[in-house]
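Quick note: numbers below take in every heavy atom, side chains included, and nothing from hydrogens, waters or symmetry partners. Note on naming: letters A, B, ... go to the chains in the order of the sequence lines (proteins, then strands), and numbering restarts at 1 for each one.
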There are 2 protein chains.
Amino acid sequence: MAKIKIDQANDIAVERMMSARPILTGIATARDVIPNMEDNLLLHAGPPVEWEQMSGPMQGAVIGGLIFEGLVDNETDAVSMVEAGEVKFAPCHEHSSVGPMAGVTTASMKVYEVTNTTHGNVAYSNLNEGYGKVLRYGAFSDDVITKLRWMNDVLAPVLSEALVKSENGIDVRQLLSESLHMGDEGHNRNKAGSILYTAKLAPMVTKLAIDSNIASEALQFLADNALSVLNPVMAACKSMADAAHGVDGSTLMTIMARNGTELGIRISGLGDKWFTGPVGQPDGLYFPGFTAEDASGDIGDSTITETVGIGGFAMASAPAIVAFVSGTPQDAINATMEMYEITVSEHSHFTIPALNFRGTPVGVDIRKVVELGITPRINTGIAHRDAGVGQVGAGLVRPPMNVFEDALVSYAEHYGLV
Amino acid sequence: MAKIKIDQANDIAVERMMSARPILTGIATARDVIPNMEDNLLLHAGPPVEWEQMSGPMQGAVIGGLIFEGLVDNETDAVSMVEAGEVKFAPCHEHSSVGPMAGVTTASMKVYEVTNTTHGNVAYSNLNEGYGKVLRYGAFSDDVITKLRWMNDVLAPVLSEALVKSENGIDVRQLLSESLHMGDEGHNRNKAGSILYTAKLAPMVTKLAIDSNIASEALQFLADNALSVLNPVMAACKSMADAAHGVDGSTLMTIMARNGTELGIRISGLGDKWFTGPVGQPDGLYFPGFTAEDASGDIGDSTITETVGIGGFAMASAPAIVAFVSGTPQDAINATMEMYEITVSEHSHFTIPALNFRGTPVGVDIRKVVELGITPRINTGIAHRDAGVGQVGAGLVRPPMNVFEDALVSYAEHYGLV
């Protein structure tokens with residue numbers, strides 16, 4: 001395939017990515033809406049992985065997921081059930097879904113539904129649990145499960161009914177456009193977005209025929225969690241990335257995701273094939289009492305944000321994030337500037353005031369990554385390496401170069417360039 | 001007075017300004033709480049001014065204020081009443097208050113109460129009406145008055161009861177610290193602050209024993225108005241500035257305010273004397289259909305924000321504001337950098353991520369202004385020059401140099417330096 005043809009294919013793919021308009025329309029139960037969901041199927045972050053290869057936080061989240069689902073009562077029984085082969089695993093990404101960190105999503109969990117109204121595809125993500133000891137970081141103690149049940153049985157119905165009342169749903173692309181002008185980068189800093197989300201839902205929540213204490217508790221939970229909006233944002237990004245997938249001849253990366261053991265990418269013009277490599281170790285700041293020795297490998301589907309041109313690619317929008325992930329505000333600017341080197345466009349909807357309202361770098365071209373030796377920048381939370389603990393910090397990481405090299409070799413073979 | 005003594009006095013004054021901790025505690029009726037408020041007294045922005053000298057928007061707001069108060073039914077009767085000498089005027093600032101633009105505050109109006117819990121002083125401001133045709137920009141048509149009545153009779157009780165439920169009130173200094181990390185500068189851009197304010201009140205509002213449609217309408221009004229929090233912020237700034245006033249020997253500016261005709265300042269060590277000069281003409285961007293020829297002179301007490309080190313002094317925090325007031329993001333950085341030249345400290349609570357978390361320039365020293373020939377930077381809305389129209393744009397302006405020169409001469413005389 002000639003270079004000009006590849007460029008054209010990438011232009012089509014990135015244009016689809018940018019013109020996708022993700023609308024948060026509702027909340028439903030995973031088994032009712034996620035394609036091919038099954039009761040004994042656990043979705044997880046990143047590329048495919050089996051139990052034995054799973055990192056500590058991923059195993060912890062699987063244990064917690066089985067307890068939440070009521071399939072077992074405790075850790076021992078959960079491990080037995082898995083080892084007896086009674087649990088199936090699949091990547092969220094293979095079921096139109098994404099989940100932060102471990103990303104474990106079970107059949108009974110409530111999920112956000114985000115529809116890309118430009119192209120008609122739908123994507124899903126579970127609800128955000130907030131900070132501290134939470135399932136997505138591999139914690140599964142009673143309080144973790146109790147909170148998940150409250151989220152499913154109390155919070156989700158409130159949000160669901162509020163979204164119904166909002167009639168047109170919530171335009172997540174618009175919300176991100178605003179929050180990028182308010183110090184967010186959309187991945188590790190979603191403070192403005194979460195407050196915007198809370199303020200959009202609040203007038204609807206007050207109208208619901210529900211106990212006022214429940215309404216108040218739900219809004220307080222959203223307002224106090226600076227990551228409330230992360231999961232609908234991730235589903236929105238998934239719907240944008242999926243719209244760019246499957247363009248014949250395109251070398252655009254449409255998935256980048258980590259399961260704590262391996263990072264995997266997919267390429268628009270190369271179908272469903274995963275290209276995987278060992279995850280990196282985030283470099284960042286640790287919570288008091290923890291060090292880099294406590295850290296799990298890089299984990300989570302939240303890199304769907306970088307895949308569509310925000311997160312680590314939009315760090316110049318979020319100078320305050322360096323207090324959380326390390327570095328200086330100039331490093332944040334430099335991170336964004338570097339990403340223009342490996343992307344094919346500047347986003348028409350996501351702009352960075354500090355860079356004279358330049359569009360964020362969007363659409364990673366694996367040719368540029370390999371040619372320049374520059375891998376994508378990722379902002380991320382850091383999980384404890386052991387099951388059952390939780391978050392220990394936040395920082396910066398890059399994917400392994402081999403996944404891009406392997407993808408490029410595969411591309412050359414697929415398109416008869418060798 | 002020796003230079004070292006003046007420096008020490010200024011250090012004391014600015015330390016009081018920064019250590020003031022303004023808490024929004026409630027809402028009350030102006031006549032019940034504002035010191036020396038009277039039923040036929042209209043408070044207004046800026047230094048003292050009589051009817052004949054008032055700018056168009058100030059006269060319009062006076063007319064609207066009298067109609068709102070039920071003292072007259074129409075413009076003609078309002079003017080007659082004023083010309084008959086039946087209305088008294090006084091600056092908001094002389095009654096522990098501040099008001100944006102015309103700043104007209106009448107006895108029946110609901111006002112925010114903000115207490116500086118460090119030093120015990122209290123400051124007040126009216127409620128924000130949102131954008132468009134509003135009293136503070138000199139509009140007084142029926143729809144303007146109807147909205148003011150809804151704000152007084154419906155909105156204010158909701159906010160008041162929600163604040164009671166919040167128990168500890170709202171820490172406005174903390175809110176500003178956060179919003180300066182979210183792209184606000186606290187004067188012309190209060191988008192993040194207003195959303196934070198809405199999200200803080202929402203869980204309380206849902207608990208009130210009121211009609212759910214009213215609760216919803218109140219929250220929607222707050223969420224849709226990117227200036228909702230401006231008025232409590234201004235009252236908070238007033239409480240900080242007042243705390244710095246009256247330090248013997250200090251050359252710190254503790255008030256800067258405009259009535260549309262004159263700008264006036266007060267100095268910490270010079271008691272209640274105003275130093276005034278003609279207002280400047282803002283240089284900015286105009287709404288479609290308007291030009292600089294439509295603009296009123298600079299108006300409003302909102303420069304209390306610049307007085308305490310935010311607003312035009314914190315523009316580096318708010319690169320997105322240049323789309324509203326004109327200029328480039330680099331201009332916004334330059335504006336803040338210049339203000340370090342004429343201030344005595346860097347704020348211990350308000351920091352700017354893009355400048356490596358440096359504190360905002362705070363505490364204008366009139367000696368530096370005169371010596372360097374650099375006047376304070378002001379971000380401002382622009383009113384139409386005629387009564388009854390409203391806002392026509394937003395931009396940047398500076399005070400006249402003579403007020404600082406006059407104040408310095410007066411200082412020299414007062415302290416026997418000449």
K.L.:
When heavy-atom pairs shorter than 4.5 Å are enumerated against chain A, which of B:A318, B:S179, B:A332, B:A199 gives the highest number?
P.N.:
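Heavy-atom pair counts peak at B:A199.
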K.L.:
Can you tell me which of B:A215, B:A316, B:A323, B:A218 forms the most heavy-atom pairs within a distance under 4.5 Å of chain A?
P.N.:
B:A215
K.L.:
May I ask you to say whether B:R358 pairs ionically with B:E346, meaning some side-chain N is under 4.0 Å from a carboxylate O?
P.N.:
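Judged by the 4.0 Å cut-off on N to carboxylate O distance, B:R358 and B:E346 do form a salt bridge.
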K.L.:
Considering only heavy atoms, which portion of B:K191 lies under 4.5 Å from any heavy atom of chain A: side chain, backbone, both, or neither?
P.N.:
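Both backbone and side chain of B:K191 come within 4.5 Å of chain A.
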K.L.:
Consider only side-chain N and O atoms of A:N334 and A:Q330, and report whether a donor and an acceptor are under 3.5 Å apart.
P.N.:
yes
K.L.:
Has B:R21 got more than 12 heavy atoms of other residues, nucleotides or ligands less than 6.0 Å from its CZ?
P.N.:
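No, the 6.0 Å shell around CZ holds no more than 12 heavy atoms from other groups.
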K.L.:
How about B:H349 and B:S177: does a side-chain donor come under 3.5 Å of a side-chain acceptor?
P.N.:
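There is no such pair between these side chains.
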K.L.:
Pick whichever of B:A320, B:G183, B:P203 has the most heavy-atom pairs under 4.5 Å with chain A.
P.N.:
B:P203
K.L.:
Tell me which of these, B:A209, B:P353, B:A223, has more heavy-atom pairs under 4.5 Å with chain A than the rest.
P.N.:
B:P353
K.L.:
For a 4.5 angstrom cut-off between non-hydrogen side-chain atoms, does A:M315 reach A:L396?
P.N.:
yes
K.L.:
Quick one: pull up CG in A:N190 and CD1 in A:I195 and give me the separation to the nearest 0.5 Å.
P.N.:
11.5 Å
K.L.:
Mind ranking B:T328, B:T198, B:N356 by heavy-atom pairs under 4.5 Å with chain A and telling me who comes out on top?
P.N.:
B:N356
K.L.:
Please flag which part of B:F221 lies under 4.5 Å from any non-hydrogen atom of chain A: side chain, backbone, both or neither.
P.N.:
neither
